[in-house]
Amino acid sequence: MTTTAISSSMVNELKLAAIDAWMRGQSPKFLGQFFIKDGSYCQIGGGVSILVDRPTSGESGGGSGTQSQTTSIPGYTNTQVSEVDYSAQFDAVRATVDSLLDPWLKLPDPSEISKLVEHCRTVTSRLSRNAWSDGGGNHRGAGVAIDSCLREIEVDSGDFKGLTAREFRLKFLYYIPSVIENHLSLTLTRGGAMYGQQLLWEAVRRDVVALVKKSTEAMNVIAGSGADGLEHTFEAMGMVLDGVKLFVPGGVGKAIDLGKLGLTAAKNALPEKATLSAEDYESAIEQLSSALQTLSDHVSAEESLAQKAVQNHAEVTQSPDTREGYDIDSPVLPADSIVGIDAEKLSGLANTTLPALALELNEIADLNQKCSSPDAVFRHFSIGLGSYGPSDALWQANTYIHSLIEEVAGDVLDGSVQLGLVLSDFAETEADIIHRLNDYLAGIDEVTSDRPSGSPLDSYPVVPTRPPLLPEAPISTPASPFFDFSKMMSGPASEDEQS
């Protein structure tokens, strides 16, 4: 969305000053220069007097006048009066100014871009586990939902024992935070590039206004008034780098590697200043044209950096050395290598925590589609990289981040399903073991109840027993020398023994 960057009054002031400067250069040397008096351009000398109406504003009018030439000889004086018309020349000056300024009259509105930056910051906040302050000094809270889910995962998976449990924690549960952090770093680059666009167009607007004002002053100098030696230092430099640095300053922002993004290279070779001090109208127009072109080149350089930053970061994520850091493999959970389990906590993970985390990630993924818009930086095609600048690259970055986070959300949900299945399998196995043990012990009771008095079995001391599978139950002494109950009742192997 574009809004007015240069007011019509500023444009008209420049046009009037340009007409004044142009008229200054139309004077034959032997007649002297035109000067402004009582609302007219005046030129008097050598018996010639020219009066031309000066426009009351730069918008229109002026140019009509008279030329008087007086011939005098002793005893005779003759004055001839003719009409002059500079209106076509005045219109040509106005058209020249319009041709230079028209592309800059309406420029992208930084306040509209800031709304997109706010969406970028919302995504970053919800992914971050740390509070932070943005480039505007506003405090941002951490992503409560993400942090809460990750903490619950860490606590509730602690009693999950065995080889499968260890693999599930290391390659899935404990891998989720690092993957989310890598996605967070992508949002920092994208958000920084968008914030850089906001800063860029704030600076461009200040630059173009300054150039128009100083060009007006330069024209006034040529016309005979005003200060000389005008110079302007461009502000639209280093905006994208500042945007990436200031989007999330401090601890959260340290995840950005500026070198890999291509943002630490030397400054571009474009001029940092524009000189607007000329001796005539034509030179002043040429200087203004050159200054505006340099400003456009600075916009191109900044927009190219924004493109480069998001594209380079995307390439880093697709490298074979780093790709695994942005994705999670679906877990494989065979129940037969689990030796310890807290079913209540793990059921909470499978049925509540992991689905909640997946839902939050899905919502964050969808928010990325609101983080840029081609219309936000739309302007005249001759400025910078064209009508839409780096919009396409930024939109592709949004889509890419969306797909990555959405994939991880799917993996997290798949992990919750797999964990639920293994809990079900383990519960069925445990129930079957208990059922068979209880049947076995019931059979032993039937055998021992029928033995005759004085049986050698009665020589073993009677030891109180507790129900099987209670963790606090001591191992009973075997009731028969033919069965080694100690091995049967000692439970499955420990996690260390299995691994």
Side-chain angles (χ1 to χ4, degrees), residues 115-132 140-160 165 167-188 190-191 248 252 255 317 323-333 341-372 395 397-424:
K115 296 175 184 178
L116 302 174
V117 173
E118 185 62 27
H119 287 305
C120 293
R121 286 177 171 146
T122 298
V123 170
T124 297
S125 289
R126 290 177 69 168
L127 282 177
S128 174
R129 301 185 71 183
N130 301 307
W132 53 287
R140 305 274 171 169
V144 176
I146 292 283
D147 185 61
S148 176
C149 288
L150 294 181
R151 289 180 185 276
E152 288 178 16
I153 288 172
E154 184 176 358
V155 172
D156 292 347
S157 63
D159 293 328
F160 198 15
E167 290 293 304
F168 186 60
R169 282 197 301 270
L170 294 180
K171 294 184 178 180
F172 183 75
L173 291 179
Y174 294 173
Y175 201 62
I176 294 174
S178 64
V179 170
I180 291 176
E181 186 173 344
N182 285 335
H183 293 167
L184 170 64
S185 71
L186 273 171
T187 72
L188 300 181
R190 186 269 317 278
V248 185
V252 176
T317 69
R323 175 61 189 174
E324 63 178 11
Y326 293 84
D327 198 6
I328 301 175
D329 292 331
S330 296
V332 178
L333 297 176
I341 194 170
D342 186 325
E344 183 177 354
K345 288 182 178 180
L346 289 179
S347 293
L349 277 183
N351 299 327
T352 303
T353 306
L354 289 175
L357 178 59
L359 178 61
E360 175 68 5
L361 289 172
N362 260 322
E363 291 181 359
I364 294 172
D366 291 340
L367 283 175
N368 283 281
Q369 305 292 10
K370 299 180 179 180
C371 289
S372 71
W395 181 257
N398 292 343
T399 303
Y400 184 57
I401 295 172
H402 170 270
S403 64
L404 282 179
I405 297 178
E406 194 173 56
E407 286 177 11
V408 170
D411 290 335
V412 169
L413 194 59
D414 185 50
S416 73
V417 172
Q418 295 295 326
L419 182 57
L421 292 174
V422 82
L423 288 174
S424 177

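Numbers here simply count residues along the sequence, with the first being 1.
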ask   = Roughly how far, to the nearest 0.5 Å, is CD1 of Ile364 from CD1 of Ile146?
value = 4.5 Å

query = Does Thr317 reach the side chain of Asn182, with side-chain heavy atoms less than 4.5 Å apart?
reply = no

task = Evaluate side-chain contact (heavy atoms from CB on, under 4.5 Å) for Ile153 paired with Leu357, printing each intermediate quantity in order.
result = CA-CA 10 Å; Ile153 288 172; Leu357 178 59; 4.0 Å; yes

note = Taken to the nearest 0.5 Å, the spacing of Ser185 OG from Leu127 CG works out to 10.0 Å

query = Who passes side-chain hydrogen bond (donor to acceptor under 3.5 Å, both in side chains) against Asn368, sequence neighbours left out?
reply = Arg190

inquiry  = Looking at Thr187 and Leu184, would you say the former's side chain and the latter's main chain have a donor-acceptor pair under 3.5 Å?
reply    = yes

query = Minimum heavy-atom separation for Glu406 to Asp366, with atom names?
reply = OE2-OD1, 4.4 Å

remark   = Residue pairs meeting salt bridge (Lys or Arg N to Asp or Glu O under 4.0 Å), one or both in residues 348-358, sequence neighbours left out, come to none

task = Quick one: closest heavy-atom pair of Ser372 and Asn398, and the distance?
result = OG-ND2, 2.5 Å

Rounded distance [0.5 Å steps], OG1 in Thr399 versus CG in Leu404 = 11.0 Å

note = Taken to the nearest 0.5 Å, the spacing of Leu186 CG from Ile401 CD1 works out to 5.0 Å

task = With rounding to the nearest 0.5 Å, note down the distance linking CD in Glu154 to CG in Leu173.
result = 10.5 Å

inquiry  = Minimum heavy-atom separation for Gly415 and Phe172, please, with both atom names.
reply    = CA-CZ, 3.5 Å

request  = Could you pull out the closest heavy-atom pair between Ile405 and His183, with the gap in Å?
outcome  = CG1-ND1, 3.7 Å

task = Give the intermediate values and the outcome of side-chain contact (heavy atoms from CB on, under 4.5 Å) for residues Leu367 and Thr122.
result = CA-CA 8 Å; Leu367 283 175; Thr122 298; 4.1 Å; yes

task = Could you pull out all residues at least two apart from Asp147 that satisfy salt bridge (charged side-chain N to carboxylate O under 4.0 Å, His left out)?
result = Arg129, Arg151

Just list the side-chain donor-acceptor pairs under 3.5 Å for residues 349-356, sequence neighbours left out, or say none.
{"residue": "Asn351", "atom": "ND2", "partner": "Ser347", "partner atom": "O", "Å": "3.2"}
{"residue": "Thr353", "atom": "OG1", "partner": "Glu152", "partner atom": "OE1", "Å": "2.8"}

task = Return the set of residues passing salt bridge (charged side-chain N to carboxylate O under 4.0 Å, His left out) with Lys115 (not counting sequence neighbours), or none when no residue passes.
result = Glu112

ask   = Within the side chain of Ser128, is there an N or O that forms a donor-acceptor pair under 3.5 Å with the backbone of Ser125?
value = no

message = Checking Glu360 now: which residues fulfil salt bridge (charged side-chain N to carboxylate O under 4.0 Å, His left out) with it, not counting sequence neighbours?
response = Arg126

query = Rounded to the nearest 0.5 Å, what separation is found between the NE2 atom of His402 and the CD atom of Glu407?
reply = 10.5 Å

ask   = Given the rule in the side-chain contact (heavy atoms from CB on, under 4.5 Å) test, do Glu363 and Leu359 qualify, once you have shown the distances and angles that lead to the verdict?
value = CA-CA 6 Å; Glu363 291 181 359; Leu359 178 61; 4.0 Å; yes

